[in-house]
Trainee: 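Submitted below is the structure of interest, expressed as structure tokens.
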2 protein chains.
Amino acid sequence: MSSRDNLGLLLSLASAEGVARATQALRPLDLSVRSYTLLERVIDTGGMSQRALADDLRLDPSQIVALVDGLETRGLAERRPNPADRRQKAVAATARGKQTYRRAKVLVDASLDEVLGDLDPSERATLHEMLTRIVRRDPAAAEAAG
Amino acid sequence: MSSRDNLGLLLSLASAEGVARATQALRPLDLSVRSYTLLERVIDTGGMSQRALADDLRLDPSQIVALVDGLETRGLAERRPNPADRRQKAVAATARGKQTYRRAKVLVDASLDEVLGDLDPSERATLHEMLTRIVRRDPAAAEAAG
DNA sequence: TATTGTTATACTCTATAACTATA
DNA sequence: TATAGTTATAGAGTATAACAATA
């Protein structure tokens with residue numbers, strides 16, 4: 001196996017390509033890829049605790065704080081108290097946040113099409129399924145790996 | 001499409017998982033994933049200019065300088081003059097660098113097996129082929145995308 | 001003029017630890 | 001005791017610009 005066949009490297013390069021293009025696509029809306037992803041997640045779920053966001057996005061809770069701060073300052077998301085557990089704060093998108101997300105999604109999807117341009121729908125489904133299996137591992141295994 | 005189906009996010013998470021595990025696997029040898037990748041590349045090619053390395057690894061030339069400096073300080077790689085073009089320096093692995101690489105490869109391959117554990121050889125080949133198509137795009141297209 | 005390697009700088013991302021308020 | 005959110009800090013990684021030597 002030569003270095004050109006390094007699957008880990010290929011994965012890393014493909015990811016970097018996707019992030020770079022999405023970053024560029026989101027520039028007109030002044031949104032980072034991670035803010036966009038967080039916004040998408042809270043819109044789809046109707047609101048999540050910051051801890052749940054950290055778990056889903058595989059980020060440290062302290063990074064979620066910074067991302068939510070940024071979105072809240074711009075009026076795109078807000079923290080709502082959770083009466084059931086006053087330690088938690090439910091992060092939810094504002095109406096303006098949802099509108100911004102819809103516009104952003106069009107741009108991001110187009111940038112992803114550029115990256116995946118050579119893959120037909122069936123291949124994309126296969127890729128999606130395989131990546132899901134890679135990512136959705138037993139959390140205990142990831143824990144053990146540190 | 002829900003955020004759980006975000007293919008760009010999945011790609012990013014899978015890559016991060018692979019890099020994290022490889023980083024951990026390489027810790028005993030005090031090698032970064034990028035140093036390992038560079039070492040692999042110069043061993044497989046028998047020596048490359050820093051510019052060629054930057055192109056292959058999708059890194060800025062100034063980052064190659066830092067990586068080669070680190071490997072050279074530790075006696076794992078060296079810069080050799082290129083008589084044909086005195087601007088260039090051919091980066092090559094030393095005997096010790098090759099030995100370190102062989103030990104590192106065992107560890108990295110094992111860590112990759114953990115990440116790809118659910119994929120059989122045929123599926124890995126499919127993944128490899130698709131990622132190759134994503135990464136090996138027309139350089140002009142990547143250029144245009146910034 | 002253009003390219004290779006280099007230095008410098010700033011910015012983002014990531015990892016870690018410690019603190020507070022709640023449970 | 002443990003968990004959710006927060007703050008602070010240091011280290012990687014990344015992007016950009018400028019420069020000297022060479023083509």
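The analysis underlying the following values was restricted to heavy atoms, covering all of them including side chains, and did not include hydrogens, waters or symmetry mates. In what follows, chains carry the letters A, B, and so on, assigned in the order in which the sequence lines appear, proteins first and then strands, with residues in each chain numbered from 1.
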Trainee: Rounded to the nearest angstrom, tell me the gap between atom CG in L53(B) and atom P in dT3(C).
Mentor: 19 Å
Trainee: When you get a sec, tell me which of dG5(C), dT22(C), dT7(D) is the closest nucleotide to the side chain of R51(B)?
Mentor: dG5(C)
Trainee: Could you state the CG-C1' distance from D55(A) to dA4(D), rounded to the nearest angstrom?
Mentor: 11 Å
Trainee: If I take atom CD in residue Q24(A) and atom C1' in nucleotide dT12(C), what distance separates them, rounded to the nearest angstrom?
Mentor: 17 Å
Trainee: When you measure from the side chain of V65(B), which nucleotide among dG5(C), dT6(D), dA4(D) comes out closest?
Mentor: dG5(C)
Trainee: Taking the side chain from S35(B) and the backbone from L31(B), do they hold a donor-acceptor pair closer than 3.5 Å?
Mentor: no
Trainee: Could you list by number each residue of residues 72-85 of chain B showing a heavy-atom separation from DNA chain C of less than 4.0 Å, or answer none if no residue does?
Mentor: R79(B)
Trainee: So, under a plain 3.5 Å distance rule, would you say the side chain of R87(A) forms a donor-acceptor pair with the base of dT3(D)?
Mentor: yes
Trainee: Nearest whole angstrom, please: distance from the P of dG5(D) to the CG of L59(A).
Mentor: 14 Å
Trainee: Quick one: which of dT6(D), dT16(D), dT22(D) gets closest to the side chain of S62(A)?
Mentor: dT6(D)
Trainee: With a cut-off of less than 4.0 Å, is there a side-chain N or O of Q88(A) near OP1 or OP2 of dA21(C)?
Mentor: no
Trainee: So, using salt bridge (charged side-chain N to carboxylate O under 4.0 Å, His left out) as the criterion, who are the partners of D60(B) when residues are at least two apart?
Mentor: none
Trainee: Atom CG of D60(A) and atom C1' of dG5(D): how far apart are they, to the nearest Å?
Mentor: 11 Å
Trainee: Quick one: the side chain of S32(A) and the base of dT12(C), do they pair up donor-acceptor inside 3.5 Å?
Mentor: no
Trainee: Is L29(A) reachable from L67(A) through a run of I, L, V, M, F, W or Y residues, each pair having side-chain heavy atoms under 4.5 Å apart?
Mentor: no
Trainee: Between dG13(D) atom P and R58(B) atom CZ, what is the distance in whole Å?
Mentor: 19 Å
Trainee: Please determine, for the side chain of Q63(A), which listed nucleotide (dA15(C), dT16(D), dG5(D)) has the closest atom?
Mentor: dA15(C)
Trainee: Using a strict cut-off of less than 4.0 Å between a Lys/Arg side-chain nitrogen and an Asp/Glu carboxylate oxygen, indicate whether R21(A) and D113(A) qualify as a salt bridge.
Mentor: no
Trainee: Nearest-Å distance, OH (Y36(B)) to P (dG13(D))?
Mentor: 16 Å
Trainee: Go through dT6(D), dA8(C), dT22(C) for me and flag the one nearest to the K89(A) side chain.
Mentor: dT6(D)
Trainee: Please check this pair: side chain of R79(A) against backbone of K89(A), looking for a donor-acceptor N/O pair closer than 3.5 Å.
Mentor: no
Trainee: Separation of D69(A) atom CG from dC13(C) atom P, in whole Å?
Mentor: 15 Å
Trainee: Please say yes or no: joined through hydrophobic side-chain contacts below 4.5 Å, possibly via intermediate residues, are L38(B) and V65(B) part of one cluster?
Mentor: no
Trainee: Ignoring hydrogens and geometry, is there a side-chain-to-backbone donor-acceptor pair from T73(A) to D69(A) under 3.5 Å?
Mentor: yes
